[in-house]
Amino acid sequence: MSKLWQKDYSLDSLMEEFTVSNDYVLDQQLVIADCLASIAHARGLQHIGILTEEELSNLEKGLQRVIELRQKDDFPITIADEDCHTAIEAFLTKEYGEVGKKIHTGRSRNDQVQTALRVWMREFTLKMCKATGELSEALLAFAQKYEDVPMPGRTHMQIAMPSSVGLWAASFAEELYDEAQHLMHLSWMLDQSPLGSAASYGVPIPLDRQFTSEQMGFTRVQNNVLYANNSRGKFEAMLLDGCDYIALTLSKLAQDLILFTLPEFGYFSLPKELCTGSSIMPQKKNPDGLELARSRSSVVSASAQRVKSIIRSLPSGYNRDFQDTKEPLLTGTKASWQLVQIFKRMLSGLQVNEEALIAGCTPELYATDVVLKQVMEGKNFRDTYKEVGLHLNAVSKLDPIKTIQERTSIGTTGNLGLDEDQLFISLLISGCNEVLASYAKAYKELCGIEDVETVLY
Ligand code: ARG
């Protein structure tokens, strides 16, 4: 296929390989989003009298077919096509003739790819928000189930203060809730249509940007056409940063689990289906999934960093460098998605070994409690602290369950506030469902196909 910009010469093959790189492969992920945005654009052209009803109907049929082909994994894009935009226009021209040559009226591939990415990213963000909310919910249910199971609390990894499995699990639930909430805010930022900004400066035809934005189910138009193009990469980086916070949390959870599932600790164990073996040591049951979760979180961080490095010194307007933000976007988002999924699985198989946890609550864990009991009886803290510290051998183990129930300030082991956490998480999840349903409705109205998804995992 000749390039959209091809006139009277062919691109040097080495330059083609260099400029296209793997963009034509990555673009498979954008085909459906691009078709939906193209239908909105075609409707916009008909709306202002540039296309006839019949031309629009042919374009809609063609774009619907591309969506169906892509859903069957049967819409090839070759290196000679450069990208999905070219492959789609070529398909329309081949199948429907002249009208295929009209669809690009008033748009550039710059706002075309920006719009496809925006559609894709807003859907991913909501799905990731929902999945993170669900993981948070699962951790909360776990916390509820083991609310009163004692667990040694550690600082500097050393035995510190009485804690519980409930406190430990709910801490991750609340952290993930905040991070999912952050994605919800980002989804609002992403919910603006860049379509109609063209190459970066708009066009001298009266495109109705509000109309096309509504067709795609965006709540608003991204107003300034230059900003609409300049925000490429920036929005990707913000999304990847949002995912990175989740990945950081899961990396900590992975590390805790690697430690606490060690036979030396034995607080928790993972079913063998979630562990791998060794090719030489028959006894091994390795937590490879947790280790890779730890390393994959760095993939998410690095992806965010890569995008920021690419856009750092770019001048205003489209620059081809933007193309190279696509790979980190797709790699980083997928890694974070997989992380959340794998932890949902892990959590459902995680066993709690109450005996080992109680045995881990050694007398030293109660040293501060012993001091504070005496303080409550009237002694001053500093002298009692010294006294107890100088006679640690005299500290004996207190009742592990009683000590965690005795802590009653907000957020402590005896007052975890799980019901309130649950309420906030369910509100967040239903918010995601509502917005995702509005996208699905917009997609259905655009292409007539039920349950279209642009994020294809
Ligand atoms: N594949 C390109 C990208 O992702 C499409 C836009 C090309 N635009 C251009 N002016 N060369 O950025």
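The figures here come from the full heavy-atom set of this structure, side chains too, leaving out hydrogens, waters and symmetry mates. As the structure lists them, so they are numbered: ligands from 1, and atoms in each ligand from 1. Quick note: residue numbers are just sequence positions, from 1.
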(request) Could you please provide the protein residues found below 4.0 Å of ligand 1 on a heavy-atom basis, arranged by chain and number? (result) Asp23, Asp83, Arg109, Asn110, Val113, Arg232, Tyr318, Arg320, Gln323, Lys326
By side chain to side chain donor-acceptor pair (under 3.5 Å), which residues pair with [X], not counting sequence neighbours?
X      : result
Thr19  : none
Thr454 : Glu123
Glu60  : Arg43

(message) Among Arg107, His85, His104, exactly one meets side chain to side chain donor-acceptor pair (under 3.5 Å) together with Ser38. Which residue is that?
(response) Arg107
(request) Decide salt bridge (charged side-chain N to carboxylate O under 4.0 Å, His left out) for Lys326 and Asp27; before the verdict, give the C-alpha distance in whole Å, the side-chain angles of both, and the deciding distance to 0.1 Å. (result) CA-CA 9 Å; Lys326 208 182 281 170; Asp27 263 14; 2.6 Å; yes
(request) Among Lys101, Lys102, Lys61, find the residue that satisfies the salt bridge (charged side-chain N to carboxylate O under 4.0 Å, His left out) test when tested with Glu55. (result) Lys102
